Visitor: 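Submitted below is the structure of interest, expressed as structure tokens.
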Protein chains: 2
Amino acid sequence: MQFEQNKFYLTVDIVVFTIIQGELKIVLIKRKKEPHRGMFALPGGFVNLHESLDDAAKRELHEETGLKEVFLKRLHVFADINLKRLRVFADVNRDPRGRVVTVSYLALIDGETVKLHATSDAELAKWFSIGNLPELAFDHREIIEDALKELRFEIQMTNIAYQLLGPKFTMSELKNAYEIVLDKELDKRNFSKRIKLLGILRPTTETKMEGAHRPAQLFEFKDKEYTFLKDKINVFV
Amino acid sequence: MQFEQNKFYLTVDIVVFTIIQGELKIVLIKRKKEPHRGMFALPGGFVNLHESLDDAAKRELHEETGLKEVFLKRLHVFADINLKRLRVFADVNRDPRGRVVTVSYLALIDGETVKLHATSDAELAKWFSIGNLPELAFDHREIIEDALKELRFEIQMTNIAYQLLGPKFTMSELKNAYEIVLDKELDKRNFSKRIKLLGILRPTTETKMEGAHRPAQLFEFKDKEYTFLKDKINVFV
DNA sequence: CCAAAAGTGTTAGTGATACACCCATGT
DNA sequence: ACATGGGTGTATCACTAACACTTTTGG
């Protein structure tokens, strides 16, 4: 075939966001091989020739971060979502080994699931606050910045927040997640009104008592599928 | 290198939109080679190993549609824009020649530029109405549908409409372009108010007389750079 | 009764929507 | 004078934004 020589390496890189101790964090792994050995990088790696990008992302994330079944299950959900928002990074010189094109993935998981992981494999995979990242291999800083922008966009335009929280949560917990992602304080009255108006939540009959104050009502997401709140988009009459 | 066998072909495909005779159209070319010889496909092709995706897109578009300098100049603008919205199509079986991953580009040009082209090379490259496409090679129909969705999103959220029109235009011409892209009638009073409110246009002192009626004021875009109208996005207080 | 977070309502302002008439021109 | 498309204004409604007090609980 005429173009036999023009072949590329294809990789996937996954930006996994979560909230731990009130901070937005991502998983990074310490590279064991050259290039950039010893530096931190996003989990990810080479796509096999007969493997879908989604499968490669799940496989690499599992291999490199050693995450458990629980986490993989969540990951599956994320894969469904993020096919819609794949990004490509393809600069000629982005990898010293040759021409490597990468496709980035965005994943969200909730803090509870995270804790299960963080104890198991801390040597290789660690959580880093988004505001305090180490020096990163390749162009991974750029990929992360892009993913963060996308996350901020998506959390306002879609219902993806369901991935950041457990199945039931208080309005305060939800607001807190938005505040952390958007890095901005929100007014609780307006937040609550707006979220209710969007109609993405269903109140449950349960409440959560925690500390010396009035118990909070628990909510759940109506849909645990990626939904675009498109009324906000079709702006022209 | 361990992954030597896992190499991919990388292609770019370009969806070029324009408006001709009141219809939204795209360029398709008739394939001269197998696979899918004789079928219509998006302009595009293999990326060379030492070439950026943008350069490959410009090169392939020029090679396959024979477009002139005028057009290439516009294309350059489009390339700047659309790096932000690259899409990947990477299914395992999308091309019978092997594992081919493609990156899609979205381009807009104005009807005037188009006419220059359409006469030159009509055998191989043709304009097709978006509502009346022929059978398409590979997964190009899916790529086009994706590009159309993106176009409809972008025309409402950004100032990309400047690429669909000449340097100066009447409010009616602009409204018409929006109507064609969105496939929806718009109220001229509300459209005009909203566009003025967005502040992306500057009125000129010139007018356009055409037919037996009051002459129309000509406008131009303030910025001919991709601008996101982000006030519409940050929705939370 | 005190501390702490939950929960809730009003007002003013801004933009969205729906709708109808006059204006400038060529014939 | 009339036909044609250009150009504009107003009233209603919905959402945004700013802001403070009462409720429920544990200690």
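The chains referred to below are lettered A, B, ... by the order of the sequence lines, with proteins before strands, and numbering in each begins at 1. Keep in mind that this is a model prediction, so the values were computed, not measured.
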Visitor: What integer distance in Å separates B:Glu173:CD from D:dG5:C1'?
Guide: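 Checked: the CD to C1' distance equals 12 Å.
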
Visitor: Could you check how far CD of B:Gln156 sits from P of C:dA16, rounded to whole Å?
Guide: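 So the two atoms are 12 Å apart, to the nearest Å.
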
Visitor: Between A:Leu174 (CG) and C:dG7 (P), how many Å, whole number?
Guide: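 After rounding, the reported distance stands at 12 Å.
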
Visitor: For the residue pair B:Tyr162 and B:Phe221, categorise the inter-ring angle as parallel (less than 30°), tilted (30 to 60°) or perpendicular (more than 60°).
Guide: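 It falls in the perpendicular class, over 60°.
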
Visitor: In whole angstrom, what separates B:Asp187's CG from D:dG6's C1'?
Guide: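 Computing the B:Asp187:CG to D:dG6:C1' distance gives 14 Å.
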
Visitor: Any donor and acceptor pair, going by atom type alone, linking the side chain of B:Asp139 with main-chain N or O of B:Glu142 inside 3.5 Å?
Guide: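 Not a single qualifying donor-acceptor pair exists.
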
Visitor: Using whole Å, report how far NZ of A:Lys208 lies from P of C:dG7.
Guide: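 About 12 Å, once rounded to whole Å.
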
Visitor: Has the side chain of A:Asn190 got a donor or acceptor atom sitting under 3.5 Å from an opposite partner on the base of D:dA18?
Guide: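 Flag set: donor-acceptor pair detected.
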
Visitor: With a cut-off of less than 4.0 Å, is there a side-chain N or O of A:Lys188 near OP1 or OP2 of D:dC19?
Guide: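 Looking at the OP1 and OP2 atoms of D:dC19, neither is under 4.0 Å from any side-chain N or O of A:Lys188.
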
Visitor: Could you check whether A:Lys175 gets within reach of a base, just the sugar-phosphate, or nothing at all, counting any heavy atom under 4.0 Å?
Guide: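 Nothing, no heavy atom under 4.0 Å.
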
Visitor: Rounded to the nearest Å, what distance is computed from the CG atom of residue B:Leu198 to the P atom of nucleotide C:dT14?
Guide: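 About 17 Å, once rounded to whole Å.
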
Visitor: Applying salt bridge (Lys or Arg N to Asp or Glu O under 4.0 Å), which residue pairs with at least one partner in residues 158-167 of chain B are found, sequence neighbours left out?
Guide: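 Passing the test, one end in residues 158-167 of chain B: no pairs.
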
Visitor: When you check the phosphate oxygens OP1 and OP2 of D:dT16, does a side-chain N or O of A:Arg194 lie under 4.0 Å from one of them?
Guide: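 Yes, A:Arg194 has a side-chain N/O under 4.0 Å of OP1/OP2 on D:dT16.
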
Visitor: May I have the distance from A:Phe191 (atom CZ) to D:dC19 (atom C1'), rounded to whole angstrom?
Guide: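 Taking atom C1' of D:dC19 as the reference, CZ of A:Phe191 is at 18 Å.
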
Visitor: What residues from residues 212-222 of chain B pass a heavy-atom cutoff of under 4.0 Å to DNA chain C?
Guide: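 Heavy-atom cutoff 4.0 Å gives B:Ala212, B:His213, B:Arg214, B:Pro215.
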
Visitor: D:dG5 phosphate, OP1 or OP2: any side-chain N/O from B:Ser172 under 4.0 angstrom?
Guide: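 The answer is no; no side-chain N or O of B:Ser172 sits under 4.0 Å from OP1 or OP2.
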
Visitor: Going by modelled atom types, is there a donor-acceptor pair between the base of C:dA16 and the side chain of B:Lys193 at under 3.5 Å?
Guide: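 Side chain to base: no pair below 3.5 Å.
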
Visitor: Strictly distance-based, threshold 3.5 Å: is any side-chain N or O of A:Arg152 a donor or acceptor partner for the main-chain N or O of A:Val181?
Guide: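 Checked: pair present.
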
Visitor: Quick one: does B:His140's side chain have a donor or acceptor within less than 3.5 Å of a partner on B:Ala41's backbone?
Guide: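 No, because the side chain of B:His140 does not come within donor-acceptor range (under 3.5 Å) of the backbone of B:Ala41.
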
Visitor: Which listed nucleotide (D:dC19, C:dG26, D:dT16) is nearest to the side chain of A:Leu197?
Guide: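 For A:Leu197, the side-chain atoms sit closest to D:dT16.
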
Visitor: Could you tell me how far apart B:Arg189 (CZ) and D:dG5 (C1') are, to the nearest whole angstrom?
Guide: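 About 14 Å, once rounded to whole Å.
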
Visitor: Taking the side chain from A:Thr158 and the backbone from A:Ile160, do they hold a donor-acceptor pair closer than 3.5 Å?
Guide: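 Yes: the side chain of A:Thr158 pairs with the backbone of A:Ile160.
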
Visitor: Counting only pairs under 3.5 Å, give me each side-chain donor-acceptor contact of residues 198-205 of chain B, with atom names and distances, residues two or more places apart or in other chains.
Guide:
| from | atom 1 | to | atom 2 | distance (Å) |
| --- | --- | --- | --- | --- |
| B:Arg202 | NE | B:Glu220 | OE2 | 3.3 |
| B:Thr204 | OG1 | B:Glu206 | N | 3.2 |
| B:Thr204 | OG1 | B:Leu218 | O | 2.8 |

